[in-house]
Amino acid sequence: MPFEHFFQCDPSDKYYGFKSWDDFFTREFVKGVRPIAEGDNIIAVACESAPLQVVENVAESAEFWLKGQPYSLQNMMDFDPLAKQFVGGTVYQAFLSALSYHRWNSPVSGTVKKAYIVNGSYYLGNQYQGFGNPNGADDSAPNNSQPFLTAVATHAIIFIESDNPNIGLMCFIAVGMAEVSSCEITVKEGQHLNKGDELGMFHFGGSTHCLVFGPNVKLAFDFHNTEPGLDATNIPVCSRIATVLTND
């Protein structure tokens with residue numbers, strides 16, 4: 001199918017109606033191209049992305065030792081008081097390639113409780129993930145360092161109180177990688193969202209993101225026939241990524 005089948009544009013224009021490279025990079029899908037996963041207990045994919053990993057029983061605070069890249073909720077959430085509500089919970093992380101659709105969409109229906117940007121550093125990486133690798137690994141090792149980057153790179157934090165009490169408060173975290181520090185939030189605190197509504201976007205380059213759930217939320221993940229890891233393939237935004245398990 002042609003480009004205009006998927007993305008909003010003007011194919012009659014020399015530049016397809018895009019005013020700049022960034023305008024093209026943040027292009028939007030044509031409505032309906034990415035159907036929104038239905039069901040109150042269904043969590044939707046927040047970014048067009050490849051699953052990296054799922055980690056359960058995450059710690060409130062964790063130290064980075066040797067080859068470990070633990071999730072540290074306080075560092076990820078910039079020491080926000082709400083971080084305590086996620087201790088022992090679940091983190092799902094997925095990677096956006098530089099060619100991916102780079103807008104963020106809400107994984108649930110609910111109300112934005114907090115939304116803010118945390119400034120971070122450029123090109124940081126875990127030194128055990130590829131620095132000076134003689135086999136030609138990227139010296140900045142950004143892909144291998146994604147869990148580490150959740151604590152040190154520029155990231156956007158959006159807390160959403162789900163309409164579904166089986167989910168409750170959850171958190172979306174968008175993380176810039178390497179040179180990416182432009183995380184733009186397009187929602188406001190107090191705003192009600194429907195599942196699939198836009199949350200914001202990255203500007204320029206590959207990035208990563210996390211969905212964080214509380215300890216009482218039990219999830220069954222659907223990876224759409226790809227294996228989580230650095231070689232995983234993209235899962236369409238707004239499709240199902242997990243089902244909330246209940247006693248019903």
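These values consider heavy atoms only, across backbone and side chains, with no hydrogens, waters or symmetry-generated copies. Here the structure is a predicted model, which means the values were calculated and not measured.
- Here the side chains of V108 and M170 are in contact, with some heavy-atom distance below 4.5 Å.
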Legend entry - Derivation of the side-chain contact (heavy atoms from CB on, under 4.5 Å) call for N41 and N164: CA-CA 7 Å; N41 285 324; N164 182 352; 2.7 Å; yes
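- The closest donor-acceptor contact from the side chain of K84 to the backbone of E60 lies at 3.5 Å or more, if one exists at all.
- Between the side chain of Q146 and the main chain of N143, a donor-acceptor pair closer than 3.5 Å is present.
- Around atom OH of Y15, no more than 12 heavy atoms belonging to other residues, nucleotides or ligands sit under 6.0 Å away.
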Inset, instruction - Determine, stepwise, if the pair Y116 / D78 fulfils side chain to side chain donor-acceptor pair (under 3.5 Å). - result: CA-CA 10 Å; Y116 53 94; D78 198 39; 5.5 Å; no
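- Once rounded to the nearest 0.5 Å, the distance linking OG of S182 with CE of M201 reads 11.0 Å.
- Of the possible donor and acceptor atoms, none in the side chain of K19 sits under 3.5 Å from a partner among the backbone N and O of F24.
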Inset, instruction - Step by step, work out the side-chain contact (heavy atoms from CB on, under 4.5 Å) result for V118 and T154. - result: CA-CA 6 Å; V118 179; T154 296; over 6 Å; no
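- The side-chain heavy atoms of F3 and P11, taken from C-beta on, include no pair separated by under 4.5 Å.
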Inset, instruction - For side-chain contact (heavy atoms from CB on, under 4.5 Å), just list the numbers for T150 and H155, CA-CA rounded to whole Å, side-chain angles, deciding distance to a tenth of an Å, and then say yes or no. - result: CA-CA 7 Å; T150 63; H155 51 290; over 6 Å; no
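- Put simply, the side chain of V112 does not reach to within 4.5 Å of the side chain of F159, judged on heavy atoms.
- Both I160 and I167 are members of a single hydrophobic cluster when ILVMFWY side chains are connected at heavy-atom separations under 4.5 Å.
- Side-chain contact between I158 and C171 is absent, with no heavy-atom pair separated by less than 4.5 Å.
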Validation: residues 216-223 side-chain donor-acceptor distances under 3.5 Å, sequence neighbours left out:
from	atom 1	to	atom 2	distance (Å)
K218	NZ	P215	O	3.1
D222	OD1	H224	N	3.0
D222	OD2	R240	NE	3.4
D222	OD2	R240	NH2	3.0

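- Between I43 and T243 there is no side-chain heavy-atom pair separated by less than 4.5 Å.
- Residue pairs meeting the ring pair (Phe, Tyr, Trp, His ring centres under 6.0 Å) criterion with at least one member in residues 226-245, sequence neighbours excluded, do not occur.
- Using a cutoff of 4.0 Å between basic side-chain nitrogens and carboxylate oxygens, R34 and E48 are scored as salt-bridged.
- Remark: the backbone N or O of E161 is not paired with any side-chain donor or acceptor of T111 at under 3.5 angstrom.
- In this structure, D197 contributes its side chain and S106 its backbone to no donor-acceptor pair below 3.5 Å.
- Of all heavy-atom pairs between A62 and S72, the closest is N-OG, 3.0 Å.
- Between Y101 and F29, a ring centre-to-centre spacing shorter than 6.0 Å is recorded.
- At least one side-chain heavy atom of V187 sits less than 4.5 Å from a side-chain heavy atom of L193.
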Legend entry - Candidate pair E189 and K113, rule side-chain contact (heavy atoms from CB on, under 4.5 Å), full reasoning: CA-CA 5 Å; E189 295 179 10; K113 290 300 183 182; over 6 Å; no
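- V180 is not connected to L149 by any chain of hydrophobic side-chain contacts under 4.5 Å among Ile, Leu, Val, Met, Phe, Trp and Tyr, and they are in different clusters.
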Inset, instruction - Might you work through the side chain to side chain donor-acceptor pair (under 3.5 Å) test for Q93 and T208, ending with a clear yes or no? - result: CA-CA 7 Å; Q93 185 167 10; T208 188; 3.0 Å; yes
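- In terms of modelled atom types and a separation under 3.5 Å, the side chain of S100 and the main chain of H102 share no donor-acceptor contact.
- Sorted by first and then second residue, the ring pair (Phe, Tyr, Trp, His ring centres under 6.0 Å) pairs with a member in residues 160-192 read W104-F172, F172-H209; sequence neighbours excluded.
- Using a 4.5 Å cut-off on side-chain heavy atoms (C-beta onward), L169 and L82 make contact.
- In this structure, the separation between CZ on F18 and CD on Q8 is 9.0 Å, given to the nearest 0.5 Å.
- Using a distance-only test at 3.5 Å, with no hydrogens or angles considered, no donor-acceptor pair links the side chain of S49 to the main chain of F95.
- Pairing each heavy atom of T226 with each of A232, the nearest pair is OG1-CA, 3.4 Å.
- Remark: side-chain polar atoms of S109 are not paired, donor with acceptor, to backbone N or O of N194 under 3.5 angstrom.
- Counting only distance, with no hydrogens or angles, the side chain of K195 and the backbone of D40 share no donor-acceptor pair below 3.5 Å.
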Legend entry - CA sep, side-chain torsions, deciding dist, call: D10, S12, side chain to side chain donor-acceptor pair (under 3.5 Å): CA-CA 5 Å; D10 179 8; S12 66; 2.5 Å; yes
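- Applying the 6.0 Å contact sphere to CG of N225 captures no more than 12 heavy atoms from other residues, nucleotides or ligands.
- Between the side chain of R27 and the backbone N or O of C9 there is no donor-acceptor pair closer than 3.5 Å.
- Both V175 and M77 sit in one connected hydrophobic cluster of ILVMFWY residues. Membership requires side-chain heavy atoms under 4.5 Å apart, directly or through other members.
- S181 contributes atom OG, which lies 11.0 Å from atom CZ of F202 (distance to the nearest 0.5 angstrom).
- Side-chain atoms of L52 and P228, non-hydrogen and from C-beta on, never get closer than 4.5 Å to each other.
- For CD of E4, the number of neighbouring non-hydrogen atoms (other residues, nucleotides, ligands) closer than 6.0 Å is greater than 12.
- Looking at Q191, R103, E198 one by one, the single match for side-chain hydrogen bond (donor to acceptor under 3.5 Å, both in side chains) with T186 turns out to be E198.
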Inset, instruction - Could you walk me through whether Y71 and Q53 pass the side chain to side chain donor-acceptor pair (under 3.5 Å) test, one step at a time? - result: CA-CA 11 Å; Y71 291 113; Q53 64 180 6; 2.8 Å; yes
